[in-house]
Every structure is written in C-alpha cells, then in structure tokens.
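So the structure is just underneath, and the comments pick up after that.
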2 protein chains.
Amino acid sequence: MSAPDYDVFATQCPSRETLEVVTSRWGTLTLAALHEGERLRFGELRRRIDGISDKMLSQTLKQLEARGLVTRTAQDSSAAHVDYALTAEGRTVATAVIALVQSVYRVQPALG
Amino acid sequence: MSAPDYDVFATQCPSRETLEVVTSRWGTLTLAALHEGERLRFGELRRRIDGISDKMLSQTLKQLEARGLVTRTAQDSSAAHVDYALTAEGRTVATAVIALVQSVYRVQPALG
DNA sequence: CGGCATCCGAATGGATACTG
DNA sequence: CAGTATCCATTCGGATGCCG
C-alpha cells in the first residue's frame, strides 16, 4: 500500500504539476470557494471570488476538472444550468487549502 | 483579542496579498524547502527547488522577506555567506504548506 | 446564465552575461 | 557564492463581443 515516492521539488514529478494547478493564482480561491459551497454555479463562483474574470474562472475550472479535483454537471442539455463540485480528491486538497488560508489569517495581524 | 475579519476572497484584504505571495509559483516550494532546512543558503535552495532560476529565487525570497515570512542573514560584510530562515509567522504558514503538499501526495495516486 | 473567441497590453520568467 | 542586469519569448489575463 506504499504510495509511489512523490517529490514536489522535482520538475518531472506529477505531484509538482498538481501542486501548481492547486496553487495557481485562482486555483486556491476556487477550491476554497467550492469547499464552502459544496456545489456552486459558475455565476456564484464568479461573485464569490472577487476580481476573477469569466475567462480565468472558466480556465481554472477546466484545469481543476482535468486534474480530477472538480466535477462539472450540466442540469439540462443547454448550458443554462451547470454546477461545480469537488471530487473526493478535491475535497482532500481543498481542506488543506482552507487550513492554509486560516494559517494566513492567524499570522496576518503580525504582518501588518 | 479577536482578530480583524480577514477575507481572502476580497481583493482589498491584506490576507489576499499574503496568500498570493505564499501560493505564487515558487513561493510554495521555497517555503516548503525552508521548512525542511530551517536555515539554508541561496545555492542550497536553488539546488533543492528543481527548475527555479537565480532570478526567480531572488525575487521570491525578496517577496517573502518583505512580507515578514523569511529573514535574510549575511554572515560577513561580503555577499559570500548569506542564509535564509523562516520567521515565526513563516513557520506557521510553511507548516500549512507542508500539509497541503502532503494532501497532494495522498490524492496523487488517484489522479494518475 | 454559462460560456467561447479574439485581441492585445502587461506581467512572468528563462537564458545569458556580468559583478563584488 | 550570491546575487544583478539585460534581453526576449511566453504566458497571463482583462475587455469586448457573440452565442445557445
């Protein structure tokens, strides 16, 4: 049951790529938002994540989906009702992201 | 003693900026490396973080230092011996970064 | 509402060369 | 060893417009 030896410090390690998707400019906030909402619409995400554009939200969601961290579900055939949720793996990572955010809150008073 | 209400989702919140420095392309790996080494030289960091260039390492260290997460110490007056270490706040955040990396390791087998 | 396509300026970041 | 400076390609990412 031992996992393969991953090493984020090595460029060729798949974990490095995953980390980069997770810690990409909007990836972190998107995962954090999905961890709160558990099932959100595109517009809800855009409103929640201050400053993100349609293009970047769309791109970020695709990357997260391609990496298996997020699922996209269309309610009907049209594109009118689509929502996003975390996969089991996404939840695991998003929980750690939330903890990271909270660690920032904890030190922020000391940083000005 | 309640901390101010921070919100990373808001562009104008200082915690958002801190999070961006922490989760910048090389910031995460630099913090992770410093958490392992506790006191590392420039060259040690560069060798540890595969793929980083002098320029980016230098720039990332400056950002982390400016944010109060890292300290820079020159042994003598020349620039021959300099090392970097985490501040107390840096250690707090770096610990959460390590946890994030480990969460990636945990899910990586399922992601291919 | 939930996108995609295009344009284009701004920022990122690597390579290389150089310095104390 | 620990950077700095310059050049330059790539990428980022916002604005706009269009579509089902």
>> Regarding B/D83 and B/R41, does a basic nitrogen lie under 4.0 Å from an acidic carboxylate oxygen?
In response: no
> Starting at CG of B/D83 and ending at P of D/dA2, how long is that distance when rounded to a whole Å?
Replying inline: 9 Å
> Taking all non-hydrogen atoms of both residues, which atom of B/Y6 and which atom of B/S15 are closest, and how far apart?
Replying inline: CB-OG, 3.8 Å
> Within the pair A/R72 and C/dG3, is there a side-chain N or O less than 4.0 Å away from OP1 or OP2?
Replying inline: yes
>> Using the side-chain heavy atoms of B/R41, tell me which of these nucleotides is nearest: D/dG3, D/dC1, C/dG2.
In response: D/dC1
>> Go nucleotide by nucleotide along DNA chain D from the 5' end; which of B/R46 and B/S58 gets its closest nucleotide reached first?
In response: B/R46
> For nucleotides 8-19 of chain D, read 5' to 3', which letter fits each nucleotide if B means a protein heavy atom sits under 4.0 Å from the base, S means only the sugar-phosphate is that close, and - means neither?
Replying inline: -----BB-----
> Between A/L57 (CG) and C/dC4 (P), how many Å, whole number?
Replying inline: 10 Å
>> Tell me the closest heavy-atom pair linking A/F42 and A/D54, and the distance in Å.
In response: CZ-O, 3.8 Å
> Over how many whole Å does the gap from A/I49 atom CD1 to C/dG2 atom P extend?
Replying inline: 13 Å
> Can you check the B/L61 CG to D/dT4 C1' distance for me, whole Å?
Replying inline: 14 Å
> How far apart are the closest heavy atoms of B/A33 and B/L40, and which atoms are they?
Replying inline: O-CD1, 3.4 Å
> Are any of the side-chain nitrogens in A/E89 or B/R106 under 4.0 Å away from the carboxylate oxygens of its partner?
Replying inline: no
> For the pair made of NZ in A/K62 and C1' in C/dA5, what is the distance, rounded to whole Å?
Replying inline: 11 Å
>> For the residue pair B/T18 / B/R67, report whether a side-chain donor-acceptor contact shorter than 3.5 Å exists.
In response: yes
> A/R47 has an atom CZ; how far is it from atom C1' of C/dG2, in whole Å?
Replying inline: 12 Å
> Rounded to whole angstroms, how far apart are CG on A/L45 and C1' on C/dC1?
Replying inline: 13 Å
> Looking at B/Y84, does any N or O in its side chain come under 4.0 Å of the phosphate oxygens OP1/OP2 on D/dC1?
Replying inline: no
> Do B/E20 and B/R16 meet the salt-bridge criterion of a basic N to acidic O distance under 4.0 Å?
Replying inline: yes
> Given atom CD of A/E20 and atom P of C/dT12, what is their separation to the nearest angstrom?
Replying inline: 16 Å
